[in-house]
Amino acid sequence: MGEAAKKEWRIEIDARLCKGCEICAHFCPTKTLEIKGITMSVRDLSTCIGCQLCDIRCPDFAIQVFPK
Amino acid sequence: MGEAAKKEWRIEIDARLCKGCEICAHFCPTKTLEIKGITMSVRDLSTCIGCQLCDIRCPDFAIQVFPK
Amino acid sequence: MSTEKKKKFLQGNEACIEGALYAGCRFYAGYPITPSTEVMELMALSLPKVGGKFIQMEDEIGSICAAIGGALAGEKAMTGTSGPGFSLKQEALGWACMTEVPLVIVNVMRSGPSTGYPTGPSQSDVMQTKWGSHGDKPTITLVPASVQELFYETIRAFNLSEKYRTPVIVLFDEVIGHMREAITIPEPGEVEVLERRKPTCPPEDYRPYAIQNGEVAPLAPFGEGYRFHVTGLYHAEDGFPTANQQYIHDTGMRLVNKVEHNQDDICENEELFLDDAEVVVFAYGVSSKSAKFAVKELRAGGVKAGLLRPKTIWPFPSNALDKVVAAGNVKKIIVPEMNLGQIYGEVQKVVAGRCEVQGIFRVDTEPIHPKQIMSAVLGHQVEPTVIPDEVLIERPMDG
Amino acid sequence: MSTEKKKKFLQGNEACIEGALYAGCRFYAGYPITPSTEVMELMALSLPKVGGKFIQMEDEIGSICAAIGGALAGEKAMTGTSGPGFSLKQEALGWACMTEVPLVIVNVMRSGPSTGYPTGPSQSDVMQTKWGSHGDKPTITLVPASVQELFYETIRAFNLSEKYRTPVIVLFDEVIGHMREAITIPEPGEVEVLERRKPTCPPEDYRPYAIQNGEVAPLAPFGEGYRFHVTGLYHAEDGFPTANQQYIHDTGMRLVNKVEHNQDDICENEELFLDDAEVVVFAYGVSSKSAKFAVKELRAGGVKAGLLRPKTIWPFPSNALDKVVAAGNVKKIIVPEMNLGQIYGEVQKVVAGRCEVQGIFRVDTEPIHPKQIMSAVLGHQVEPTVIPDEVLIERPMDG
Amino acid sequence: MTTQVTARTVPYKEKKPFDYSPFLRKGKLPHIWCAGCGHGIVLKSLLRAVDATGIAKDDLAMVSGIGCSSRTPGYVDFNTMHTLHGRATAFATGLKLAKPRLKVIVATGDGDAMAIGGNHFIHACRRNMDMLILVYNNYIYGMTSGQASPTTPEEKISTTSRYGSIEPAFDICELAKTAGATFVARGTAYHAQELEKTLYEGLMHRGTAVIDILDSCPTYYGRFNKYKNVAEMMDKIEKDGTVSVAQAAKLSPEKLEGKQLRGILHRSERLEYCDGYKNLVDRVTG
Amino acid sequence: MTTQVTARTVPYKEKKPFDYSPFLRKGKLPHIWCAGCGHGIVLKSLLRAVDATGIAKDDLAMVSGIGCSSRTPGYVDFNTMHTLHGRATAFATGLKLAKPRLKVIVATGDGDAMAIGGNHFIHACRRNMDMLILVYNNYIYGMTSGQASPTTPEEKISTTSRYGSIEPAFDICELAKTAGATFVARGTAYHAQELEKTLYEGLMHRGTAVIDILDSCPTYYGRFNKYKNVAEMMDKIEKDGTVSVAQAAKLSPEKLEGKQLRGILHRSERLEYCDGYKNLVDRVTG
Amino acid sequence: MSSRYELRFSGSGGQGMILAGIIMAEAASIFGGKEAAQSQSYGPESRGGASKSEVIISDEPVDYPKATSIDAMLAMTQESCSKYYKDVKKDGILLIDSTEVKDIPEGPFKLYSYPIIDTARNELGKVITANIISLGMITELTGIVTHEAIEKAVLSRVPPAFLELNKKALQVGFERASELKAAG
Amino acid sequence: MSSRYELRFSGSGGQGMILAGIIMAEAASIFGGKEAAQSQSYGPESRGGASKSEVIISDEPVDYPKATSIDAMLAMTQESCSKYYKDVKKDGILLIDSTEVKDIPEGPFKLYSYPIIDTARNELGKVITANIISLGMITELTGIVTHEAIEKAVLSRVPPAFLELNKKALQVGFERASELKAAG
Ligand SMILES: Cc1ncc(C[n+]2csc(CCOP(=O)(O)OP(=O)(O)O)c2C)c(N)n1
Ligand SMILES: Cc1ncc(C[n+]2csc(CCOP(=O)(O)OP(=O)(O)O)c2C)c(N)n1
Ligand code: SF4
Ligand code: SF4
Ligand code: SF4
Ligand code: SF4
Ligand code: SF4
Ligand code: SF4
Ligand SMILES: [Mg+2]
Ligand SMILES: [Mg+2]
């Protein structure tokens with residue numbers, strides 16, 4: 001519906017818990033995430049649409065997305 | 001069809017095997033059999049129609065019906 | 001009048017259940033098997049009447065697992081079986097030992113191995129109660145020898161299982177299970193009944209496997225505010241799995257020692273004419289009945305025979321036996337068993353060469369005859385015996 | 001070149017299977033469990049290649065039952081497992097004993113009781129192999145202590161099971177099962193392999209449980225003209241159930257005695273420095289490896305230590321042990337075990353007070369260290385030990 | 001060698017009277033079953049069916065568990081095994097896999113097959129190994145004197161359901177079908193001749209065949225549940241309580257209410273396990 | 001006291017992001033599961049569903065067997081039991097019967113529930129005792145390093161089906177339904193939000209509820225069967241291999257070929273076991 | 001040991017021998033102020049086979065529940081008689097059903113023979129009462145329990161509808177046995 | 001005992017330490033004419049944890065397969081180093097990955113330190129070859145097996161496609177170790 005104010009998001013990745021499986025990145029509709037070494041990281045926060053799919057499918061309680 | 005020569009039958013009851021359960025007598029369509037004490041016996045051989053139902057349902061291999 | 005009322009003429013299997021109910025058992029899960037079936041059937045009849053829970057499970061494994069589940073819910077729980085079913089319960093019995101769940105398991109022994117002779121008595125599962133499950137585990141096994149005693153010992157089984165937080169086995173043979181005697185059922189309160197100790201600490205402090213004053217922590221029932229974890233893996237005091245070798249060592253040792261080190265509290269024995277006995281019969285269960293008869297006969301004839309009858313076979317009453325041997329006047333110990341010498345071996349270990357040990361073994365489903373014991377006491381060699389003219393020709397049920 | 005070809009660098013579990021295949025095993029039914037899984041996996045890989053039959057059953061009970069079925073069809077059959085699975089197999093193991101079916105059962109021991117510590121080694125199922133099933137039954141249990149020996153002993157297990165028509169257990173611990181060594185696989189024919197004895201009499205004369213020359217009758221495979229009956233109930237010579245007490249007695253005694261009376265044929269032992277030994281270490285499996293190391297070190301230091309290593313733990317090698325004790329120069333026997341003293345007790349029975357017996361027990365999943373044995377030989381008391389700085393932190397698999 | 005047993009290819013003719021003796025073990029009768037026990041009727045139907053198939057006795061194996069019904073193998077002159085409670089299909093699986101030439105019959109009871117043996121049962125169905133599983137279903141544990149079984153109907157009395165069973169019963173046929181059996185049928189001891197034909201079909205089927213056979217335990221089930229005698233049990237449960245698949249097609253739903261179907265209820269084609277194993281071996285070695 | 005646990009009566013609202021911490025045991029993360037193991041996704045869906053029901057943690061019990069999946073109870077702050085391989089439902093049955101107030105969740109795997117535990121599973125379904133059985137179905141034994149399970153599809157590779165499995169797989173849902181479960185559903189880890197709702201429905205159901213959850217073991221099943229990574233497994237097996245009940249209604253039989261149905265597949269009303277037992281006690285004592 | 005009194009009831013499955021033993025033991029222990037233990041060899045066959053039920057009565061608790069040397073034995077069938085009579089002690093009592101037991105055992109015991117089953121069928125109209133008649137006879141012959149005690153025990157075990165029948169059967173037992181005794 | 005030579009390869013799950021042990025043992029026993037036994041503590045964690053693989057090489061059959069006093073040890077991670085280094089004997093060899101092990105243990109052994117993983121990643125393009133490089137280094141440092149034997153053992157274990165890569169890794173190992181030795 002028109003030009004709603006773009007919501008902003010904060011992505012928290014717990015490096016202690018992330019096992020680098022890349023599920024989140026694979027299913028992120030906006031390719032916001034990318035693996036760095038063996039830990040997931042945010043490629044470009046601005047592309048995040050807060051859909052939570054990364055959280056929902058992360059098996060390791062390692063990523064959560066909050067409204068900023 | 002019509003008056004066929006009435007077939008005659010011989011009933012063999014093995015008293016060693018009969019346990020007197022009366023299944024044969026109960027299901028005999030012509031009431032040919034009756035219990036005597038604890039062993040099955042033939043009440044009236046002439047009524048037997050050789051249907052073999054007594055043999056088929058006797059659990060104890062105790063009764064058989066042969067053509068005479 | 002009122003005394004007559006409390007007297008009941010019961011089968012051993014029935015007395016066992018009367019004892020269980022007296023002890024507050026309100027949960028039974030089982031699967032029928034000869035010659036223990038009446039235990040289960042009487043529970044099916046009785047438990048609903050007192051609001052207890054009875055369930056027939058799909059097999060013996062399911063039965064003991066369900067009983068453990070009932071126990072963790074807070075109930076005093078029981079399961080019963082005989083040889084083949086007891087073999088099947090071994091894995092879960094080990095789990096209950098590891099997780100320290102109070103539970104009473106009845107095994108009414110029949111002739112083995114395998115399906116054997118289902119209605120024939122035997123005492124051949126004695127070693128199995130201790131060694132049937134893999135690993136070293138704690139074992140408390142009671143071996144009552146009369147209908148009345150079965151009543152009392154079943155109560156004691158529940159008490160011990162609560163006190164030591166461990167499964168307790170009530171082990172008897174088909175003769176004891178099926179014989180009938182008049183027994184007295186005491187009024188409630190007459191016999192001590194131990195209730196489950198529950199934690200009183202705040203839930204966040206609850207450590208279900210911590211040791212306090214030498215005892216394992218009380219066991220909180222599920223669903224009452226203490227949300228803890230139970231696992232058959234080696235665990236730390238908090239109940240969670242651990243790979244720490246110190247914990248593994250400590251737990252492994254503690255489990256076995258909580259029983260072995262408390263032999264004097266757990267073991268009860270009947271002693272007869274031991275003061276001056278030169279030949280002592282060490283016998284339990286049905287064989288002790290023959291032994292008692294024989295020893296009395298012999299005493300009447302002036303022979304210095306005595307009887308040591310353990311009511312508890314595991315932990316093995318080595319202290320009591322050692323005392324008898326150490327006293328010095330015993331020349332021979334005779335161990336009559338309806339098996340091929342299971343407890344005989346345990347006696348040998350304790351005696352350690354200090355006197356002669358002679359076994360009388362019998363596996364033909366006939367109880368050892370008092371005369372066999374008498375002749376052993378009098379110095380004759382007794383071969384494993386069958387009395388062929390005593391042939392049973394009944395149909396072996398349950399096989 | 002050709003010698004190199006026959007040398008293989010294998011895990012113990014793998015060597016076990018190489019031995020089984022060499023012995024002609026062509027049937028395996030199993031269910032996976034740590035640390036025995038490789039046994040099964042290698043069979044899954046190998047058997048189809050030689051036209052043998054492999055099946056993964058729904059559980060351990062089904063596995064042993066299917067293996068027995070395979071054996072009765074005439075195959076040399078095998079099943080393998082570890083602690084919890086071995087507990088589940090007990091009932092059917094008893095059936096195979098009672099029905100006298102040749103079968104080989106592998107138990108790779110892990111830390112118990114219960115799920116315990118699945119990847120940790122232990123020797124705590126030794127008593128269970130003898131007493132795990134209800135009733136008195138025959139037990140042959142081999143306890144190989146190296147990869148090469150595992151190969152040979154597995155062959156011997158098949159041979160003994162054929163010879164005595166009884167299940168044979170190959171029992172080893174996780175260390176032996178998972179360690180790797182180069183072994184030599186002999187050419188076919190180099191090692192003796194006993195084939196199944198089949199009846200030669202006319203079918204109408206076949207009595208599958210009759211005794212001929214002291215041996216039980218040959219076992220006819222199903223479907224080859226001998227239509228006989230097999231039951232776990234007590235049976236007469238013809239295999240049919242019986243209630244005759246004489247038969248029950250005879251069969252019960254015969255089953256156990258066919259093993260116990262043939263100790264000298266069945267038992268094999270390794271002896272080291274026993275001639276003049278004053279302290280003898282009696283050790284099997286992984287603990288014997290520590291013991292051998294310790295004894296050699298001690299001898300190098302002038303201490304009169306010796307080693308008696310049974311390769312067969314059931315029947316218990318009482319004759320061999322007795323000989324050592326009877327010789328007179330032994331002051332002490334040390335029994336190191338990764339359990340709380342299971343075989344220690346058997347040694348006690350045989351020694352019967354004639355010399356000191358000391359146990360070294362360890363249940364923290366770490367093998368007994370040669371130093372523990374050395375210090376015991378040198379006269380120090382050795383408590384059940386954990387070496388806390390050796391903490392394993394790997395994830396316990398299979399639990 | 002997965003060659004199948006030799007079996008007759010022509011449809012069989014009934015033999016009246018039938019001579020059972022070639023199939024029985026001499027001197028083993030009388031059998032241990034109680035007066036009126038349905039197990040004997042089932043056994044006789046089976047022997048007639050076996051004769052009809054023409055399968056040689058040497059090629060037949062019968063495996064049972066523990067229970068009154070599981071005593072069947074002791075009486076028949078095949079290769080026979082009386083095993084452990086609940087484990088018959090597991091033993092049979094090993095036997096058959098090792099020697100696919102054998103035609104394997106499993107004789108089991110409602111307790112043996114559906115209580116303790118339920119898992120082996122469903123897995124046997126799943127594998128579709130060639131074996132005929134006969135469940136002598138008398139809704140009770142006969143041998144241990146009358147406890148409830150997984151097929152005891154609700155509200156019925158047994159020594160472990162003294163106040164009437166509160167557990168729903170399994171439908172053996174439905175379970176077998178869902179688990180994968182490729183031949184599923186139901187018969188009754190009352191319909192002994194029909195049963196004979198069903199057994200014949202079951203024997204001729206290649207794959208896992210399950211036949212649920214309604215049968216009576218007058219001694220316990222009958223006595224506890226107030227049937228006057230075994231004939232009344234057969235009439236009420238087996239005759240009035242069932243309808244054949246053919247009849248059922250003509251009946252209204254109301255008329256079918258509470259009746260169990262008789263006859264062949266399911267039949268399908270699927271690779272038999274031993275054949276599949278043989279293919280595997282050929283693939284690996286060939 | 002068969003009073004049911006207090007549960008919310010209003011339909012729940014999704015919470016985004018969801019705070020898992022009240023339901024987790026402190027300090028127990030990271031869990032033991034491998035990178036990419038689907039079990040964690042299932043667990044998270046479950047916790048969200050539990051929150052939605054409003055059932056108090058004290059009223060929840062989770063019982064598991066042995067397997068990677070069966071490690072679940074160790075992480076959740078309920079009353080938890082990690083029992084023996086295959087026996088979870090049997091333990092759960094005793095627990096629930098003794099304390100019907102508890103809502104019991106069984107966490108089990110395809111091996112634990114359908115192989116060694118198959119009999120307890122079907123009998124639990126038969127009794128219709130109130131319990132939610134979650135089968136983490138990854139078509140393999142994960143914990144013991146990748147052997148075939150009763151749900152391994154034919155031809156798939158495992159360490160015990162090195163040449164491709166020759167055994168047909170069970171359909172868990174069909175089996176549960178036939179055995180008597182009164183709520184039967186299927187979900188996938190891929191469809192984690194849909195799964196959450198299915199779990200919610202399962203939790204709210206009174207009676208035996210079974211949910212077959214397709215889930216991935218990348219370490220063994222994935223590696224052996226040549227999936228590039230876990231995402232590919234989820235795409236191919238869970239996304240492309242399934243269709244929801246709603247979608248299915250619109251698809252042609254060809255389109256449905258080889259696809260498993262997702263969603264609630266069966267729901268029926270039948271007296272719950274503990275209620276039945278309570279009636280019995282009332283009858284006997286009252 | 002002196003007070004130990006051993007009884008054996010033997011016959012075939014279905015004749016109520018086990019129940020007879022139970023009632024006798026109850027008469028002694030519950031209604032007679034003594035100690036008693038009853039045991040049996042069970043495993044009923046549908047027909048035939050010998051079954052036995054043993055009762056040991058004593059002033060003290062019974063040590064060994066099986067017969068060692070029998071004071072009184074009942075044999076209702078030939079098979080059970082032949083199989084079990086040998087344990088009857090010197091001057092002990094052996095009561096047999098005279099119609100069933102044709103091969104009469106010899107020994108240093110007192111033999112009583114009576115058509116118990118026929119009496120049950122003909123005089124009481126129910127074969128099933130034979131075991132109660134024999135209980136009456138054994139009571140009378142041995143005197144080990146009182147008439148009163150055995151009557152109480154019988155009546156506490158039978159359904160109300162059969163009270164009179166069983167009372168009568170017992171009475172018949174008492175009478176016939178006392179006649180037998182009188183006869184020698 | 002004198003000929004007994006003890007090696008320990010330690011690191012974390014997934015670094016190929018168990019394989020390294022197996023190859024070393026094969027080099028000694030299959031290709032080196034000696035006796036060898038390899039054992040391990042297993043139970044791989046997906047990440048972290050210390051795992052070890054031990055190899056005992058001897059002229060005679062190996063009695064005890066576990067390390068008692070270590071001649072040479074490799075530690076690829078800090079955790080495994082700290083946990084296991086204590087068993088290295090006097091004058092034994094300890095080889096550590098210099099990038100990973102920062103807290104360098106002290107003791108009466110010879111310490112060699114080298115960025116093995118970095119070398120694998122940077123020079124061979126595959127981190128996974130680190131274990132083969134280290135095998136080369138340990139071979140060179142200890143001399144317990146010949147270059148030829150270890151090469152044969154490595155090549156018999158790797159898929160054909162990776163033969164060259166692994167040969168090279170081994171070579172790199174030999175070279176760097178001999179440089180280290182030379183450096184003192
Ligand atoms: C492991 C084990 N558990 C229990 C038993 C006891 N048992 C023998 S037969 C039987 C039930 C048999 O019922 P079913 O299969 O229906 O046969 P039926 O006697 O009714 O023909 C049971 C519970 C046993 N022998 N073994
Ligand atoms: C009695 C017994 N048998 C076998 C095992 C070994 N075991 C542990 S877990 C498991 C299979 C688990 O598979 P599944 O339930 O599918 O769980 P997953 O690991 O795949 O989640 C097996 C066979 C055991 N622990 N106990
Ligand atoms: S919330 Fe959605 S868009 Fe943002 S990172 Fe997660 S999956 Fe990608
Ligand atoms: S899904 Fe979770 S564990 Fe996997 S990479 Fe993303 S944040 Fe890490
Ligand atoms: S053959 Fe038929 S008619 Fe003749 S007796 Fe038998 S049942 Fe009756
Ligand atoms: S059916 Fe057979 S056993 Fe029964 S009464 Fe008739 S003949 Fe006798
Ligand atoms: S108890 Fe029942 S099933 Fe068993 S033989 Fe008797 S009637 Fe048949
Ligand atoms: S082995 Fe498989 S099932 Fe187990 S944790 Fe790893 S990925 Fe998950
Ligand atoms: Mg039945
Ligand atoms: Mg799985």
Side-chain angles (χ1 to χ4, degrees), chain C residues 83-84 86-88 90-91 94-95 97-98 111-117 120 122 124-125 127-128 130-137 231-234 241 243-246 248-249 252-253 255-256 339-340 345 348-349 352-354 363-366 384 386-388 390-394 396 399, chain D residues 83-84 86-88 90-91 94-95 97-98 111-117 120 122 124-125 127-128 130-137 231-234 241 243-246 248-249 252-253 255-256 339-340 345 348-349 352-354 363-366 384 386-388 390-394 396 399:
Chain C
F86 195 58
S87 287
L88 290 171
Q90 292 302 327
E91 189 200 11
W95 193 87
C97 292
M98 185 64 136
S111 153
S114 197
T115 351
Y117 190 73
S122 123
S124 58
D125 306 348
M127 287 299 267
Q128 190 194 22
K130 186 164 173 71
W131 300 113
S133 197
H134 60 284
D136 289 289
K137 63 158 179 49
T231 177
L233 290 171
Y234 272 104
N244 180 304
Q245 283 187 286
Q246 185 68 54
I248 294 176
H249 167 85
M253 298 299 297
L255 285 178
V256 170
N339 61 44
L340 292 177
Q348 276 185 311
K349 280 192 214 169
R354 288 177 291 170
V363 292
D364 68 340
T365 76
E366 191 66 23
V386 64
I387 302 190
E390 255 296 297
V391 174
L392 288 170
I393 63 159
E394 270 78 8
Chain D
F86 194 58
S87 289
L88 290 171
Q90 292 302 327
E91 189 200 12
W95 193 88
C97 292
M98 184 64 137
S111 152
S114 197
T115 350
Y117 190 74
S122 121
S124 58
D125 305 349
M127 286 300 267
Q128 191 195 19
K130 186 165 173 70
W131 300 113
S133 199
H134 60 284
D136 289 289
K137 63 158 179 50
T231 176
L233 290 172
Y234 272 104
N244 180 304
Q245 283 187 287
Q246 185 68 54
I248 294 177
H249 167 86
M253 298 299 298
L255 284 178
V256 170
N339 62 43
L340 292 177
Q348 277 185 312
K349 280 192 213 169
R354 289 177 290 171
V363 292
D364 68 341
T365 76
E366 191 65 24
V386 63
I387 302 189
E390 257 295 295
V391 174
L392 288 171
I393 63 160
E394 271 79 8

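The sequence lines fix the lettering, A, B, ..., with proteins before strands; numbering per chain opens at 1.
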Asks: Select, from D/Gly232, D/Gly94, D/Gly112, D/Gly252, the one with the greatest count of heavy-atom pairs under 4.5 Å involving chain C.
Replies: D/Gly232
Asks: Has the side chain of D/Ser114 got a donor or acceptor atom that lies under 3.5 Å from a matching backbone atom of D/Gly116?
Replies: no
Asks: Below 4.5 Å from any heavy atom of chain C, which atoms of D/Ser133 appear? Answer side chain, backbone, both or neither.
Replies: both
Asks: Most heavy-atom pairs under 4.5 angstrom with chain C, which of D/Pro84, D/Ala352, D/Gly345, D/Gly353?
Replies: D/Pro84
Asks: Using a 3.5 Å distance criterion without hydrogens, assess whether the side chain of C/Gln245 forms a donor-acceptor pair with backbone atoms of D/Asp364.
Replies: yes
Asks: Under a 4.5 Å cutoff for heavy-atom pairs, which residue among D/Ser122, D/Gly132, D/Cys97, D/Ser111 has the most contacts with chain C?
Replies: D/Gly132
Asks: Which one of C/Arg354, C/Lys137, C/Glu91 has the most heavy-atom pairs closer than 4.5 Å to chain D?
Replies: C/Glu91
Asks: Looking at C/Asn339, is its backbone amide N or carbonyl O close enough to the side chain of D/Asp136 to form a donor-acceptor pair, meaning the two atoms are under 3.5 Å apart?
Replies: no
Asks: Under the side-chain hydrogen bond (donor to acceptor under 3.5 Å, both in side chains) criterion, do C/Ser87 and C/Gln128 qualify, and how do the steps go?
Replies: CA-CA 8 Å; C/Ser87 287; C/Gln128 190 194 22; 2.9 Å; yes
Asks: Among C/Lys130, C/Met127, C/His134, find the one that has a side chain to side chain contact (heavy atoms under 4.5 Å, CB included) with D/Met127.
Replies: C/Met127
